[in-house]
Amino acid sequence: MTRRTVQAIRHIGFEDLGSFAAPLREAGYDIEYIDVAERDPATLDPLAAELLVVLGGPIGVYDHDAYPVVTDEIRLLRARLAADRPTLGICLGAQLMAAASGARIYPGPAKEIGWSALDLSDAAVLNPLAVLRGVPVLHWHGDTFDLPEGCTLLASTPLCTNQAFSRGPNVLGLQFHPEVLGARFEHWLLGHANELATAGIDPVALRLDARRHAGRLEQAGAALLTGWLSRLTR
């Protein structure tokens, strides 16, 4: 099998590829993490990797003055999206993709943190997200975005209209977290303890829900990614 490269831009250690790592390797990808706290994404060739994945993180797209890496990532994504190279964004990554596409990013009506199923659009029937029908996924965000021009809305929740979008076969943005591993969920609770306390969200309830739902999400998330990879054009 010819090996390909996936570059995964990582903002915080525990928000990694999770359940997506195994199907990526099975599909012939070698994984290279780009930790932005250690490596400037401005030094990356935006077109070099066969697949670029931009992962989640605790900063916002409009925090560019405090965290200049945001500007560098948007510039990288703008070039990559213009070339229609395979690109996947998760949570912050999806917001950065939307910003690179000219869409507005802004605080949502409330933080959406917890486990719940998506409302899939009609377009999702022919999309890899169909495997998530009825599956509670992990939501962990406070910001949202307008649907980028030329993109198709794939999923919503009552609190967040734009939960997922695509542009052709090569561009996929996911506001939610389908990649989370149940065995590593305690990292999320500890790493975001201050955010949970500030928002008045009970980590005990989140932990219990993770035990109920994470196993099913791991299987569905892997199927989602495998289906999407099979449709890529290069």
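Everything numeric in this text was worked out from a predicted model, so none of it was measured.
Residues satisfying the ring-ring contact (aromatic ring centres under 6.0 Å, His included) criterion with H192, sequence neighbours excluded, are F14, W140. Scored by the ring-ring contact (aromatic ring centres under 6.0 Å, His included) test, F145 finds F165 as partners (sequence neighbours excluded).
Counting only N and O atoms by type, the side chains of E218 and H213 include no donor and acceptor under 3.5 Å apart. Residues T233 and N170 have side chains that bring a donor and an acceptor to within less than 3.5 angstrom of each other. Side chain to side chain, Q163 and T157 meet the donor-acceptor criterion of an N or O pair below 3.5 Å. In the model, H139 has a side-chain atom that pairs as donor or acceptor with a side-chain atom of S116 under 3.5 Å.
Between the side chain of R4 and the backbone N or O of G28, no donor-acceptor pair lies under 3.5 Å. Checking side-chain atoms of H11 against main-chain N and O of L55 turns up a donor-acceptor pair under 3.5 Å. Listed for the H141 side chain is a donor-acceptor partner under 3.5 Å among the backbone atoms of D143. Proximity of a side-chain donor or acceptor of D35 to a complementary backbone N or O of A37 within less than 3.5 Å is not detected. A distance-only check finds a donor-acceptor pair linking the side chain of W228 to the backbone of P169 [under 3.5 Å]. Proximity of a side-chain donor or acceptor of Y33 to a complementary backbone N or O of L17 within less than 3.5 Å is detected.
Atom CG of L189 sits about 12.5 Å away from atom CZ of R184, to the nearest 0.5 Å. Interatomic distance, L154 CG to L174 CG, rounded to the nearest 0.5 Å: 8.0 Å. For the atom pair CG (L217) and OG (S19), the distance works out to 6.5 Å, reported to the nearest 0.5 Å. Rounding to the nearest 0.5 angstrom, the gap separating the OG atom in S156 from the CG atom in L159 is 11.5 Å. Of the inter-residue distances, the one linking L88 atom CG with L225 atom CG reads 7.0 Å to the nearest 0.5 angstrom. Note that the CZ atom of R216 and the CG atom of L132 stand 9.5 Å from one another [nearest 0.5 Å].
Contact of the E195 side chain with the T198 side chain is not registered, since no non-hydrogen atoms from C-beta on lie closer than 4.5 Å. Side-chain contact between D119 and P158 is present, with at least one heavy-atom pair separated by less than 4.5 Å. Residues Y62 and V70 have side chains not in contact (no heavy-atom distance under 4.5 Å, counting atoms from C-beta outward). Taking the side chain as every heavy atom from C-beta outward, I12 and P58 approach each other to under 4.5 Å. Here the side chains of L232 and L229 are in contact, with some heavy-atom distance below 4.5 Å. Looking at I9 and L52, their side chains come closer than 4.5 Å, going by heavy atoms from C-beta outward.
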Can I get a per-line list of side-chain donor-acceptor pairs under 3.5 Å for residues 92-104, giving both atom names and the distance, sequence neighbours left out?
| residue | atom | partner | partner atom | Å |
| --- | --- | --- | --- | --- |
| Q95 | NE2 | Q175 | OE1 | 3.2 |
| S101 | OG | M97 | O | 2.9 |
| R104 | NE | D146 | OD2 | 3.3 |

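Note on E50 versus R85: no salt bridge recorded, every NZ/NE/NH1/NH2 to OD/OE distance being 4.0 Å or above. Look at R167 and D84 and you find a salt bridge, because one of the NZ, NE, NH1 or NH2 atoms lies within 4.0 Å of a carboxylate O, short of that distance. Using a cut-off of 4.0 Å between Lys/Arg side-chain N and Asp/Glu carboxylate O, E32 and R10 are scored as not salt-bridged.
For P46 against R80, the heavy-atom pair with the smallest separation is O-NH1, 2.9 Å. A117 approaches G134 most closely through the heavy-atom pair CB-C, 4.2 Å. Closest non-hydrogen pair, A155 versus L120, comes out as CB-CD2, 3.8 Å. Residues G221 and F20 approach most closely at O-CE1, 3.3 Å, considering heavy atoms.
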**OP:** Before giving the answer on side-chain contact (heavy atoms from CB on, under 4.5 Å), spell out for F176 and L118 the whole-Å C-alpha distance, their side-chain angles and the decisive distance to 0.1 Å.
**Re:** CA-CA 9 Å; F176 58 96; L118 301 162; 3.6 Å; yes

Subject >> side-chain contact (heavy atoms from CB on, under 4.5 Å) assessment of L76 paired with L44 >> reply: CA-CA 8 Å; L76 176 78; L44 298 178; 4.1 Å; yes

Original post:
Do W188 and V180 pass the side-chain contact (heavy atoms from CB on, under 4.5 Å) test, and can you show the C-alpha distance, the side-chain angles, and the key distance before you say yes or no?
Top reply: CA-CA 9 Å; W188 291 67; V180 64; 3.7 Å; yes

Subject >> Candidate pair D202 and L196, rule side-chain contact (heavy atoms from CB on, under 4.5 Å), full reasoning >> reply: CA-CA 7 Å; D202 183 5; L196 293 176; over 6 Å; no

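Using a 4.5 Å cut-off between side-chain heavy atoms of Ile, Leu, Val, Met, Phe, Trp and Tyr, with links allowed through other members, L181 and L224 fall into different hydrophobic clusters. Under the 4.5 Å side-chain heavy-atom criterion for Ile, Leu, Val, Met, Phe, Trp and Tyr, I201 and W115 are members of the same hydrophobic cluster.
For E186, the CD atom counts as densely surrounded, since its 6.0 Å shell holds more than 12 non-hydrogen atoms of other residues, nucleotides or ligands.
A side chain to side chain contact (heavy atoms under 4.5 Å, CB included) with V54 holds for exactly one of I34, L77, I90; it is L77.
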